[in-house]
Amino acid sequence: MIRVFDDLESLSRAAARLFAEEAEKAVAERDRFCVALSGGSTPHRTYEILASESFRGRVPWHGVHIFWGDERCVPPDHPQSNARMARQALLDHVPLLPGNVHPVSGERLPAEAAGSYETELCRLFSGRMPRFDLIFLGMGSDGHTASLFPGGSALQERKRWAVEAQGPSGGPPRVTLTLPVLNEARLICFLVAGGNKAKTLARVIRGSNASHPLPAQRVVPWNGELFWYVDSEAAAQLGPSAAAGAGAEEKNRKDSTP
Ligand code: 6PG
């Protein structure tokens, strides 16, 4: 399902609402909500809204378990750390139980960090394939998602749950969840904003170049839902049908929600 929003602010408010709704449902049904956060800049406003006075009371934080879709292998206080961004925007402002935040050990060697992240996943999911209630993902203009980059070996991984990955040249190594874990999720929501994503988003949504799919095209939950929350700039090349349908839906929702 694609929803096109006028701007990043309305996209972020909708993403925060989705997080709260899914958390409420998961905690009610299964006593916990396991979510994997995305890094990058797009989700930052969503995290701030979730931490805001008017919003944070909507989430049963006691039952929330926080993971990350990927992390850069840098110390936790490094400006490029995804965990640092989430802590500053959200985690330090809400009543999570201390043992329920599961960061990648970015300060360790990539292979060790990936191994210990898998061990934590194994513990939390009792040895079974991790099935997240919600995974937020971003998308780069090259079609990467999490740290699954075009042509990267991490994209081909079919057995392991988390592996080390190489980011853009000159950047730090990373650890990423693999496609099998992403596609096991109950719900995946891509958050995509900005005109620099428009060409790639159109290619991914159309499913073109199917013989050479981009990493974001490979995210197809086999027993779950896939949402795209995009702003109007990123949706610029989607064509009237996709945008109109989603936009109309968003308008209806705006009329009905507080
Ligand atoms: C990361 C993310 C990465 C990000 C995209 C989009 O660690 O950088 O996991 O996949 O989501 O690169 O980034 P922006 O939101 O900054 O455009």
Side-chain angles (χ1 to χ4, degrees), residues 8 12 35-48 66-92 101-121 132 135-158 160-182 188-201 203-204 212-219 230-231 233-234:
L8 180 60
S12 305
V35 59
L37 300 180
S38 171
S41 58
T42 306
H44 183 265
R45 184 60 188 133
T46 298
Y47 302 163
E48 284 183 329
I66 301 278
F67 289 83
W68 278 265
D70 72 326
E71 182 57 279
R72 295 82 179 275
C73 291
V74 294
D77 58 354
H78 190 282
Q80 287 194 45
S81 162
N82 288 337
R84 175 178 179 269
M85 183 274 269
R87 256 202 320 276
Q88 289 180 341
L90 172 58
L91 309 185
D92 288 351
V101 179
H102 313 278
V104 175
S105 311
E107 67 283 6
R108 297 178 65 176
L109 291 172
E112 290 173 8
S116 69
Y117 199 45
E118 279 185 310
T119 303
E120 186 67 349
L121 287 165
F132 282 96
I135 300 179
F136 276 142
L137 288 175
M139 186 189 75
S141 54
D142 62 353
H144 83 264
T145 189
S147 285
L148 302 173
F149 288 86
S153 55
L155 190 60
Q156 309 311 327
E157 179 60 46
R158 289 292 170 272
R160 294 193 53 195
W161 298 348
V163 291
E164 60 271 33
Q166 193 46 51
S169 59
R174 297 160 173 234
V175 170
T176 186
L177 291 180
T178 57
L179 270 181
V181 174
L182 298 184
I188 289 183
C189 186
F190 275 93
L191 308 177
V192 183
N196 64 320
K197 312 278 177 82
K199 184 164 179 281
T200 304
L201 184 66
R203 172 176 168 182
V204 171
H212 295 84
L214 295 170
Q217 279 175 275
R218 309 280 291 275
V219 176
V230 304
D231 74 352
E233 289 179 11

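To the nearest 0.5 Å, atom SG of residue Cys189 and atom CG of residue Leu137 are 9.0 Å apart. For the atom pair CG of Asp70 and CD of Glu164, the computed distance is 13.5 Å after rounding to the nearest 0.5 Å. To the nearest 0.5 Å, atoms CG (Leu191) and OG1 (Thr42) are separated by 7.0 Å. With rounding to the nearest 0.5 Å, the separation of CG in Asp231 from CG in Leu8 is 6.5 Å. How far OG of Ser38 is from CE of Met139: 11.5 Å, rounded to the nearest 0.5 Å. Note that the CG atom of Leu148 and the CG atom of Leu214 stand 12.0 Å from one another [nearest 0.5 Å].
For the salt bridge (charged side-chain N to carboxylate O under 4.0 Å, His left out) test, no residue two or more places apart in sequence or in another chain qualifies with Glu107. Here Glu157 pairs with nothing under the salt bridge (charged side-chain N to carboxylate O under 4.0 Å, His left out) rule; sequence neighbours left out. Remark: Glu118 engages Arg160 in a salt bridge (charged side-chain N to carboxylate O under 4.0 Å, His left out) (not counting sequence neighbours).
Judged by distance alone, with hydrogens and angles left aside, the side-chain atoms of Asp77 form no donor-acceptor pair with the main-chain N or O of Arg84 at under 3.5 Å. Counting only distance, with no hydrogens or angles, the side chain of Arg87 and the backbone of Pro76 share a donor-acceptor pair below 3.5 Å. Remark: side-chain polar atoms of Glu71 are not paired, donor with acceptor, to backbone N or O of Val175 under 3.5 angstrom. In this structure, Thr145 contributes its side chain and Gly138 its backbone to a donor-acceptor pair below 3.5 Å. Remark: the backbone N or O of Trp68 is paired with a side-chain donor or acceptor of Tyr117 at under 3.5 angstrom.
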**Q.** Full working for side-chain contact (heavy atoms from CB on, under 4.5 Å) between Leu177 and Leu121
**A.** CA-CA 10 Å; Leu177 291 180; Leu121 287 165; 3.9 Å; yes
Q) Where do Met85 and Leu90 land on the side-chain contact (heavy atoms from CB on, under 4.5 Å) test, with the steps shown first? A) CA-CA 8 Å; Met85 183 274 269; Leu90 172 58; over 6 Å; no
(Q) Evaluate Leu37 against Asn82 for side-chain contact (heavy atoms from CB on, under 4.5 Å), listing each step before the verdict. (A) CA-CA 9 Å; Leu37 300 180; Asn82 288 337; over 6 Å; no
(Q) For a side-chain contact (heavy atoms from CB on, under 4.5 Å) check, start with the C-alpha distance between Val181 and Phe132, then their side-chain angles and the critical distance, and finish with the verdict. (A) CA-CA 8 Å; Val181 174; Phe132 282 96; 3.9 Å; yes
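When every heavy atom of Val163 is checked against every heavy atom of Ala154, the shortest pair comes out as CG2-CB, 3.7 Å. Scanning all heavy atoms of the two residues, the minimum distance from Pro150 to Pro215 falls at N-CG, 3.5 Å. In terms of heavy atoms, Ala162 sits closest to Thr178 at N-CG2, 4.1 Å. The two residues Gly140 and Thr200 come nearest to each other via the heavy atoms O-CG2, 4.1 Å. The shortest heavy-atom contact between Gly171 and Gln166 is O-NE2, 3.5 Å. For the pair Gly69 and Ala146, the tightest heavy-atom approach, listed with the atom from each and the gap, is O-CB, 3.9 Å.
Using a 4.5 Å cut-off on side-chain heavy atoms (C-beta onward), Val204 and Phe190 make no contact. The shortest distance between side-chain heavy atoms of His78 and Pro75 falls below 4.5 Å. Annotation: side chain of Arg72 is not in contact with side chain of Val104 (no heavy-atom distance under 4.5 Å).
For the residue pair Ser147/Arg174, the side-chain donor-acceptor check at 3.5 Å is satisfied.
Using a 30° and 60° split on the angle between ring planes, Phe149 and His144 fall in the parallel class, below 30°.
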